[in-house]
Structures are given as C-alpha cells and as structure tokens.
Amino acid sequence: MMQRLDRPDEAGRTAAAPAGAIADVLVPLALDTAYSYRVPPGLALAPGDVVQVPLGPRETLGVVWNLRAGDGANLKAVSGCFDAPALPPALRELLDWIARYTLAPRGMVLRLALRDPGRGGPEPLRLGVRATGRLPRRLTPARRRVLAAAEGGLPHIKRQLAEAAAVSAAVIDGLVDEGSLEPVVLTPETTPLPDPDFAPTALSVAQQEAAAALRRSVAAGGFGVTLLEGVTGSGKTDVYFEAVAAALQAGRQALILMPEIALTGQFLSRFAARFGTPPAEWHSGVGGRRRERIHAGVASGAISVVVGARSALFLPFDRLGALVVDEEHEAAYKQEDGVHYHARDMAIVRGRIEGFPVVLASATPSIETRVNAERSRFARLLLPERFGQRALPAVTTIDLRRDPPARGHWLSPVLVEAAQATLERGEQVLFFLNRRGYAPLTLCRRCGHRFQCPNCSAWLVEHRFRRALVCHHCGHAERRPDSCPACAAADTLVPAGPGVERLAEEVAELFPQARSVVLSSDFPGGTERLRHELAAVAAGEFPIVVGTQLVAKGHNFPHLTLVGVVDADVGLTSGDPRGSERTFQLLQQVTGRAGRGARAGRALLQTYQPEHPVIAALVSGEAERFYAEETAARRAAGLPPFGRLASLIVAAPDRGEAEAHARALVRAAQAVAGFPDDVVVLGPAEAPLALLRGLHRFRILVKTARATDMQGFLRAALAGAPRPPQRIRVTVDVDPQSFF
DNA sequence: GGGCAAAATAAC
DNA sequence: TTATTTTGCCCT
C-alpha cells in the first residue's frame, strides 16, 4: 500500500527533480497553509499525490499541493506516498475555492475529499471460475448446462454461474476438480458500466423537448446551469437520465446528487431499468472498503455514474460531463458543521471550474434558483404537466373559523367526512401534520406553568410513547413528572395542541375499523422498520396514514387519493425568513402525493388564514404568483437572495458566556466596519449536533446589501474582536444565497 | 513550590 | 487532529 523509501518505486515514475525538490503538503487539519517537506531522492511525486509526512512528533496524511525546486536541507522529508488515486488538479482548485469562499482553513476542506486511504487494507480478492475447454470424464446433463453457460472462456462468479445453469454449487466444484473449470481472480472491473442505450424511456412531448435541450448542452460540453422544473409526477427523473446518457455517450462521467433521504431502492432500480445496471451509491451508510473502491473507481474511470448525498461532490472524478442536483431546494444540501457549505452551490462551482453543465431539478425550486433563472444566469426548462394525462390534485381549504373541530379534537368535520367517503371507496387517506410527538406544549391547569427547555427557549414536546418531554431544538429529554414542578399540584398537567401521536389517537377513535400507521422520524424500531412500513403504505396495506414531513419525500403512494393537512399554518408564523418558502414547498410536495395512481386525488388544507399568500397559491395552483410575491418581499426586506448575508457562529459550553462573547463580537464588528444597523445578533442558533457536544451556539447575522467585500468585513470583525476567552469557538459561515 | 487538570498552541 | 507547553488553582 505504502510506497516506502526502502522500496523501489513500483509505479515506475521517474523522480521529478533529481537535484532536489520541495513538496508543499496540505494536511487535513485546521490549518490554512501547506507545509513544506523535502522530497527524498528516489521518491517520485506529482501534485495531488496522497502522502505521509511527519508532523510534530507523529506521522500524518497529506496531499501534495505544489512541487518546486530547492534542496530543502532544513526541512523534514516526506515519509512515503500512498497508492491511492491522486487528487485531480480541478478538484484541488475547487477545494481552494471553497476554503476561500467559506473562510474555512484549507486543511478542513481537504478533509471533505480524503477518506482515509489505506484503511481496511487491500480489497479481498474475489474468486471466479473460467472454462478451460477440457471435457470432464463423465458429462452429465447438469455439467453440460454449466459448460454451455460458461462458454467463451470469460470468468464467472460461481454463484451466478450455478444460477444460470440451474444447478447447485456442488456441480461447479466437481467440474473444478475435473479440470474443466479453473479458478481465476476476478478483477473489480467486472462490474458492468451503465449503458446509455440499454433501454431508453418513452417520453412525453414535453419531456422529449426538455431532454433534447439537456442532451444538447451535455454534448456541447462547457459550463452552464439549467433549472429543470416540473410539477410532482411530471417525470423529471426520466428527463435528467437523458443528460446522464448523453454524458456517457460522450465518454464522460456523471454525478447525481440527492438528499440522503431521497436515495431509495426505488430510485436505484429505476436507474438500472434505464441503464442496465445500478449506479455506484455514495452516502454515509456506505462504509470502509466499498468507499475506497468507489473512490478508486471514480478516479480511474472504472465507475462512470455515481448517485450520492452531498459529500459525493468531492469524489475525484476526472472526466465529469454532467452533474445533476435533484430536489435542489432541499435544506439537506447545506452542511451546518465543520466547513459550512451548500452542496448545490458548490456543485455549480465545480461545473464552472471543470467546464461541464449542471442540472438543478425540483418541483418547487428555491427562491434563489428561480431568481437566477429569471435573471438568465440559469436556463430554465419547464414540465408543466403530469406524465400520462393525470390531473394534479384539487386543493381546497377548510376555514377553521367556520368549520372548527369538536372540542378537544383537531380534525374538522369537513375533513372527517371527506376521509370517510374516501375510505368507503377503498382508497387511502393521509393526515399530514408536521409536528412530532403527542403535544407541542404541556402546561399546569392550576398555576399555568409551562415546561420549557433548560438550554433553549423552546417548549418541551410530550412524547407519550416514550413517556418523556423532549426538546426538538437540542435533544434535551426529561421524564414527564406526575405533579407540577412549580405548584406541586398532582394530576394538573395537560397537553396543549396536537402532534402526530395525538392525532393518531383521534383517528383511531373516529375510524375504529380502519388500520392506521403513524410515520415520523422517531418511528420506534429505527430506519430499517420505517423503510418496511413505507413499503407497506405504498402497497396500500394501511387505509389511513398519519405522518410528518417524512411522508412528503421520495416515496410514491399509488393508493393515496386524499391528503388532509391538519394545520397548514405551521411554519407560517415562526419568524424564519424562509418560513413561507419552506411551507409552500412542503405543502406542495405533500398535496402532490395524492392521485399518483389510477384515481384522481384531492387535498384539504385546514387553516385559520385561507387568505395567506402561501395558502392562496396552493389552492389556486398559481405557483408563479407565489414566487413573484415572495421574491418581491425578499427584495424589499433585503433577505436572501438579494441581501448579502453571512454569519459568525459563536459556540461555548456555557450559554451566558457564548452570548456575552457574541455581543462583544458584534460591537467589535460595528466599530471596525461602521455599519451599526447591519450587524444583528440572532440566537440562540439551533444546532442539535452542537448541543449534543455540549456547546451552545449564537449566530451573528451580518447583512451587507452594499457592495462591501464580505470576506474583508468578516475578517475585520474577527480581527477586531477581543481575543476569544477560554473555551469559546467562533466559526464563520458565508452563504449569501442560502443562509437559513 | 509541588502536584494536578484544564486550556492554549504548534505542527514545515 | 494530537502532542506538548503553559497557565490556573489548590495545597502545603
């Protein structure tokens, strides 16, 4: 694995500078500068090589960022070079760019692209068998079938050959003993490459036009961004598959990015149906050896298509010809710890550096992407209709002021009646409520005490199944007491408001004869069982589904014809600058789940504010109007994508300390930059992971609409701040387009 | 000033 | 990130 000094250079490369060379090596630590090392004679190095270098008293991994002449007599020497694929120049350029843009140390950005080479050792050799042409002494019918299947002398995997010949593995072993088959080592390249001409999909006219446009831009090569916008069910996937096919036909590679949650088996088989083989899969669940294999395959070109979550963006592709960002509006593309980056934006940067087209696909694009399309920075392709003449679900509101639920209930009689009728027709109903747990607030009906998180300002949410009060902000959990902690009265605690668990209780009472299931991210039994239940829902096993936003993503439910949104106002009043956009996207996706099977669907939104622009847009189907209004509102408020925003995040184990330091930083920033109104403390910044690590985080929002150099501003703010007191960390997040 | 733990800092 | 150095705090 390691090419040590005492071993000859197996790759056979000649040493770059025999007179003596110096390598500038970047190590994956919180360091911004590459360190210089002497290249020992006999070690052939090239920029991008993964090397081992001494660092202080230990040895560490690094990447050669630059090579230059010089004897480097006063420097430590590079210890060795790994047999891992070198980082292509364009990828190094991307990493430098991201470091500069996000103000992260270059070493931390490098970390994103390095996955411990050498760990796990070499790939275990897979053994296969190959026909030798020698006949066995006795030729039985079973043996005849095996030899027929193995004809041609190509190597076969034992199990697959046995299956193809409809015999047991014992027959194969027998033939090996006879010398008719010989064992051979299978090379990893035996994995078939996706075939762009395997099974082209029949496309609608609108799809054909969009696909042709994408094919043209991929075939022409060069950088460009295209927004592929299509209502749910319009067949965006089939269209961007054609972009992937065009890249393959041009002899190039393709990458499809998806939010991790959308990467389902359903998607992979769809890909296999089009290209004859599933793509390489890259996400947090892919571990060890497989990761390394994909890494190497991508670098060598043995892998031509990868489908992956945001980190796949840093794979060492050499010949990328197309990059698709599916569900581009998803917040999951934003990395919130370590290096703060938005994978969609960085995908575009990679496209610009390497010169290939980028496709952003969504039924509900983000505001910034729509603005970029309107300003012609992105091309826009629209799929306005559902595939196969299927109508979009009719969306109507239930005005809760006029048709309120019965006391202590949450479902309006109008919705209950519609659900009843749907169930009688043998169709499926989804009650959607984006609130986990039993009740969002617990209070004492004697003294009015409300349970609040000790760390955050949020209320504690009752989870009846777990018998706990949980903070959805930071993960803090405590046992639900029997008596009020404030006034000590017993049995006076009451749940206020509904969560999905409580809704399920009401549903069971209203429709006792119908099987129902509750689906949310805290589903008991973990991801495995959850996936199983989702499949059962898709198969129509549950007439009633009660679910949170989890059911809005990825899965297709062909039996679903009625979606009842129990509280359409959730998220509209939260004060989040992206609240309207998020709610619109979520409800559009959820209501779009109805009527994707044989029968038409409809959706009912329970709301107190039917006239709200988001609700009105959903009902009228005028997405365009929503985008126009929201864009105008953003422009007026100086919010993204019009205001330039960045943030400093101040973290410390102690809440008071973190806040005090955040305020000190704001004062320093104001003094240095002199825009008193454009620096605001927001906080506490939610960050479940940070809090699990025992850190409280405060976010300072820097809003500079004027043509100020954002980076200069931030550096000045940090430089002018008092020296950070002990145990406080400040991280910087520059993200003008997608702040929240 | 010793002994110990926590915090700060250098790493080519 | 990790190993080493410095600082802070309690004690005698």
Side-chain angles (χ1 to χ4, degrees), chain A residues 2 5 15-17 19-41 43 45-82 84 87 92 95-96 98-99 102-120 284 291 311 314 335-341 649-658 660-661 664-665 689-690 692-697 718-719 721-732:
Chain A
M2 272 282 282
L5 291 182
I22 293 174
D24 297 320
V25 175
L26 193 59
V27 289
L29 304 178
L31 290 170
D32 200 47
T33 44
Y35 286 166
S36 304
Y37 291 87
R38 179 162 44 82
V39 180
L43 185 68
L45 285 183
D49 278 345
V50 183
V51 294
Q52 188 173 66
V53 289
L55 188 73
R58 75 209 132 101
E59 295 275 311
T60 187
L61 199 67
V63 172
V64 177
W65 226 245
N66 181 45
L67 279 174
R68 57 200 163 88
D71 67 358
N74 54 341
L75 300 172
K76 290 186 181 177
V78 176
S79 312
C81 180
F82 281 94
L87 269 65
R92 278 179 280 131
L95 297 177
D96 279 337
I98 292 175
T102 63
L103 295 185
R106 293 197 296 162
M108 291 304 279
V109 182
L110 172 63
R111 215 159 223 259
L112 301 171
L114 279 184
R115 357 258 3 154
D116 341 81
R119 281 267 226 94
S284 60
R291 256 179 130 70
S311 59
F314 299 103
Q335 169 109 57
E336 295 267 24
D337 47 37
V339 181
H340 296 240
Y341 68 91
I649 294 167
V650 180
D654 180 86
R655 186 185 144 92
E657 238 184 321
H661 191 69
L665 252 177
L689 278 172
L692 286 175
R693 284 193 222 106
L695 289 174
H696 294 269
R697 314 212 320 180
L718 286 170
R723 213 179 155 70
Q726 50 197 23
R727 313 206 307 148
I728 289 189
R729 283 219 294 273
V730 180
T731 56
V732 183

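Below, chain A is the first sequence line, B the second, and so on; all start at residue 1. The structure presented is a predicted model; accordingly, all values stated were derived computationally and were not measured.
- Here the C1' atom of nucleotide C:dT1 and the CD atom of A:Glu59 are 15 Å apart, to the nearest Å.
- At least one side-chain heavy atom of A:Val78 sits less than 4.5 Å from a side-chain heavy atom of A:Pro40.
- Remark: P of C:dT1 and CG of A:Leu112 are 13 Å apart, rounded to the nearest angstrom.
- Note: A:Gln335 CD to A:Leu112 CG = 6.5 Å, rounded to the nearest 0.5 Å.
- The interatomic distance linking A:Leu110 (CG) with C:dT1 (C1') rounds to 13 Å, in whole Å.
- In this structure A:Tyr37 satisfies the ring pair (Phe, Tyr, Trp, His ring centres under 6.0 Å) test with no other residue, sequence neighbours excluded.
- Note that CH2 of A:Trp65 and CG of A:Leu26 are 5.0 Å apart. Values are rounded to the nearest 0.5 Å.
- Atom CG in A:Asp24 sits about 15 Å away from atom C1' in B:dA11, given to the nearest Å.
- Nucleotide B:dC12 holds its C1' atom 12 Å from the CZ atom of A:Arg38, rounded to whole Å.
- Counting to the nearest Å, the P atom of B:dC12 and the CG atom of A:Asp71 are 18 Å from each other.
- Nucleotide C:dT1 holds its P atom 19 Å from the CD atom of A:Gln52, rounded to whole Å.
- Here A:Ile22 lies out of heavy-atom contact (under 4.0 Å) with every strand.
- In this entry the distance linking OH of A:Tyr37 with P of B:dA11 reads 11 Å, nearest Å.
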Tabulated below should be each protein N or O lying under 3.5 Å from an N or O of nucleotides 2-4 of chain C; please produce it.
unit_1: C:dT2; atom_1: O4'; unit_2: A:Arg58; atom_2: NH1; d: 3.1
unit_1: C:dT2; atom_1: O2; unit_2: A:Arg58; atom_2: NH2; d: 3.2

Would you check, one step at a time, whether the test side chain to side chain contact (heavy atoms under 4.5 Å, CB included) holds for A:Arg106 with A:Asp96?
-> CA-CA 6 Å; A:Arg106 293 197 296 162; A:Asp96 279 337; 3.1 Å; yes
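- Listed by first and then second residue, the salt bridge (charged side-chain N to carboxylate O under 4.0 Å, His left out) pairs involving residues 25-39 of chain A amount to none (not counting sequence neighbours).
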